[in-house]
Amino acid sequence: SGQGDRSEGIQVNGEHKRVVDLAAKGDILKITIRDTASENIVPTDIPLDIVYEDEDVLVINKPSNMPTHPSMGNYENSLANGVMYYYKSKGEERVFRAVNRLDKDTSGLMAVAKNSYIHARLGEEIQKKEFNLPAFPTTTIGSFPQTADVKANRASLRKGEISEEEYIEFNRNKIAECVKEQEETGLDVLVHGEFERNDMVEYFGEQLKGYLFTEKAWVQSYGTRCVKPPIIWGDVSRSKPMTVDWSVYAQSLTEKPMKGMLTGPVTILNWSFPREDISLKESTYQIALAIRDEVLDLEKNGIRIIQVDEAALREKLPLRKSDWYCEYLDWAIPAFRLVHSGVKPETQIHTHMCYSEFTDIIKAIDDMDADVITFEASRSDLLILDSLKENNFKTEVGPGVYDIHSPRVPSVSEIKSALYKMLEKISPDKLWVNPDCGLKTRGVSETAASLKNLVQAAREMRNENI
């Protein structure tokens, strides 16, 4: 389960090869798909009614009164616990990957993929039928411009100058404007704009148990932007939904899919001052369970696409590359998987990554088992594309077609040029079209013009490539 195992992937005639290497007639091709065990799931000797099994999938007849995944009060009696025991008894290290999910009291057949590739392929087929999105689907990363009146509305609530009802009404009007603008622009997957949020970590920390906040302990994020990292002082848990009302209201305004927007557990941990009496791993898993509750509440309330951002995934990598997996990624990646482990196969999980280079951990990122991953890649001349192709990246991807850190409006031809460059390394059926990061720091007019050109570029690409 070390980093060396992950690189064995493809062999031709017994020799390691890259995805870009050519094979000849008569060559013997062997592809090894390796996994590590789901270390947060306790193997339990539970009888399983296996009705079908091959090298890629298990089909199990799940009885009623058995949850699919471990949860509060059901840590060792779920189907996942039984499957992990079954794998262990066969000497196999695998991650529990349910293709479909049944409620605790529902009996029936469940498919469990034995590797990430099969899980991704089966999930793609289910979701393509569910959403019926066009080729080169368009979306944004989450936030829309945080104008002066948006910031003033938050400040007024904090100072007690307006009521909670007035604050909510203002934000609802902003959400309605945002949804209308996206529909008129022609985006395929919409967002609510995040007008209620100050910072992507502080916002969630304020609503989770176990956090403290300072008033003036500002830390520079980048440029002139500063944040106040929250302080973890106790066990982290969620006492009530944090984003559901905003997302549900936004979804009620449109027939198009509305993304629920969350920050992932690793980023929340990495951008907080952590506890020192327990491990970073344990703190991260506490946060992951809290965010998992939010994910399931969003799903239960009709939000079919949920984005869980892990902008800071790379930030706690050990200095020694040999320690990257054993001391960090081997628990950070499973923490993200825990967040979305309970969703139905029809629910599409997105994540976004920014602020760093990711080419040297691209295999770990693929193991997050998200359905769509967007990257901040435009400023690096899309160098990540080579790594995606070389590592046979299985996840659908949106590398970012223009740089949001500049007020400059990209032209249609410029965006199409970026998309053509992406198509040299990414299959058309896996490519999303989006800005490379959130739009909170941009102006209203430049955002509208940029997104209009983005949508037009995608439409022209559909006509030219289908």
Side-chain angles (χ1 to χ4, degrees), residues 101 103 123 126-134 137-146 150 153 164-165 167-197 200 203-204 207 238 240-264 290-309 339-340 342-352 370-374 396 398 432-435 438-440 447-448 451 454-455 458:
R101 178 173 65 89
D103 294 333
I126 292 171
Q127 290 174 8
K128 286 186 185 300
K129 182 178 180 181
E130 172 75 11
F131 295 106
N132 194 30
L133 294 172
T138 56
T139 190
T140 62
I141 300 306
S143 60
F144 264 61
Q146 293 262 325
V150 171
N153 185 52
E164 182 77 17
E165 291 74 19
Y167 172 78
I168 291 173
E169 182 64 21
F170 175 91
N171 281 335
R172 282 192 162 209
N173 290 336
K174 280 291 183 180
I175 290 171
E177 293 173 8
C178 183
V179 171
K180 181 181 179 182
E181 177 184 338
Q182 292 174 84
E183 287 198 313
E184 291 176 349
T185 302
L187 289 163
D188 299 305
V189 176
L190 312 188
V191 297
H192 77 284
E194 302 183 14
F195 302 109
E196 77 285 2
R197 303 187 191 184
M200 64 185 294
Y203 174 79
F204 289 97
Q207 301 183 76
R238 189 197 75 147
K240 62 181 180 179
M242 301 177 285
T243 67
V244 175
D245 286 347
W246 301 115
S247 294
V248 169
Y249 173 69
Q251 182 65 80
S252 74
L253 302 174
T254 180
E255 295 296 320
K256 291 187 174 183
M258 176 66 58
K259 283 196 287 190
M261 301 299 304
L262 306 172
T263 303
I291 301 300
R292 183 180 188 271
D293 288 343
E294 188 74 10
V295 166
L296 294 178
D297 268 349
L298 284 167
E299 181 186 64
K300 183 172 66 176
N301 283 276
I303 304 302
R304 299 179 297 153
I305 299 181
I306 302 170
Q307 183 169 309
V308 185
D309 289 342
V339 165
H340 64 83
V343 301
K344 299 174 182 177
E346 294 84 1
T347 300
Q348 191 171 77
I349 298 297
H350 291 221
T351 190
H352 174 67
D371 300 304
V372 180
I373 299 181
T374 55
E396 295 182 32
W432 284 65
V433 183
N434 49 264
L439 302 168
K440 66 186 296 184
T447 294
L451 293 179
L454 179 148
V455 169

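Keep in mind the model is a prediction, meaning the values are calculated, not measured. Both backbone and side-chain heavy atoms feed into the values below; hydrogens, waters and symmetry mates do not.
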Counting C-beta onward and ignoring hydrogens, is there a side-chain heavy-atom pair between [X] and [Y] closer than 4.5 Å?
| X | Y | value |
| --- | --- | --- |
| Cys178 | Phe195 | yes |
| Leu454 | Pro435 | yes |
| Thr139 | Thr374 | no |
| Ile291 | Met242 | yes |
| Glu299 | Val295 | no |
| Leu298 | Leu262 | yes |
| Pro145 | Lys440 | no |
| Met258 | Val179 | yes |

Looking at every heavy atom in both [X] and [Y], which two are closest together, and how far apart are they?
| X | Y | value |
| --- | --- | --- |
| Gly186 | Thr138 | O-OG1, 3.9 Å |
| Gln307 | Ile141 | NE2-O, 2.8 Å |
| Lys256 | Leu187 | NZ-O, 2.6 Å |
| Ile305 | Pro257 | CD1-CB, 3.7 Å |
| Ala176 | Leu253 | CA-CD1, 3.7 Å |

* Asked: Would you say Gln127's side chain and Thr347's backbone share a donor-acceptor pair under 3.5 angstrom?
  ->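 Present.
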* Does Lys259 reach the main-chain N or O of Thr140 with its side chain, forming a donor-acceptor pair under 3.5 Å? ->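 Pair found, side chain donor or acceptor close to backbone of Thr140.
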* With sequence neighbours excluded, give me every side chain to side chain donor-acceptor pair (under 3.5 Å) pair touching residues 245-255. =>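 Output for this query lists Glu183-Thr254.
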With rounding to the nearest 0.5 Å, note down the distance linking [atom1] in [X] to [atom2] in [Y].
| X | Y | atom1 | atom2 | value |
| --- | --- | --- | --- | --- |
| Leu451 | Leu439 | CG | CG | 6.0 Å |
| His350 | His340 | NE2 | NE2 | 12.0 Å |
| Ile175 | His192 | CD1 | NE2 | 5.0 Å |
| Leu296 | Ile306 | CG | CD1 | 8.0 Å |
| Thr447 | Glu181 | OG1 | CD | 7.5 Å |

* Asked: Quick check: are there more than 12 heavy atoms from other residues, nucleotides or ligands sitting under 6.0 Å from NZ of Lys180?
  ->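 Result for NZ/Lys180: open.
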* Residues in side-chain hydrogen bond (donor to acceptor under 3.5 Å, both in side chains) with Glu396, at least two apart? ->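 By the side-chain hydrogen bond (donor to acceptor under 3.5 Å, both in side chains) rule, Glu396 matches Trp432.
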* **With sequence neighbours excluded, residues passing side-chain hydrogen bond (donor to acceptor under 3.5 Å, both in side chains) with Gln182** =>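 By the side-chain hydrogen bond (donor to acceptor under 3.5 Å, both in side chains) rule, Gln182 matches no residue at all.
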* **Pair Arg304 + Glu130, salt bridge at N-O below 4.0 Å** =>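 Glu130 and Arg304: salt-bridged.
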* Going through the distances and angles, do Thr263 and Asp309 end up as a side-chain hydrogen bond (donor to acceptor under 3.5 Å, both in side chains)? -> CA-CA 5 Å; Thr263 303; Asp309 289 342; 5.6 Å; no
* Working for side-chain contact (heavy atoms from CB on, under 4.5 Å), residues Val339 and Glu294 -> CA-CA 9 Å; Val339 165; Glu294 188 74 10; over 6 Å; no
* Asked: side-chain contact (heavy atoms from CB on, under 4.5 Å) with Thr243: which of Glu194, Met261, Gln207, Arg197?
  ->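 Answer after filtering Glu194, Met261, Gln207, Arg197: Arg197.
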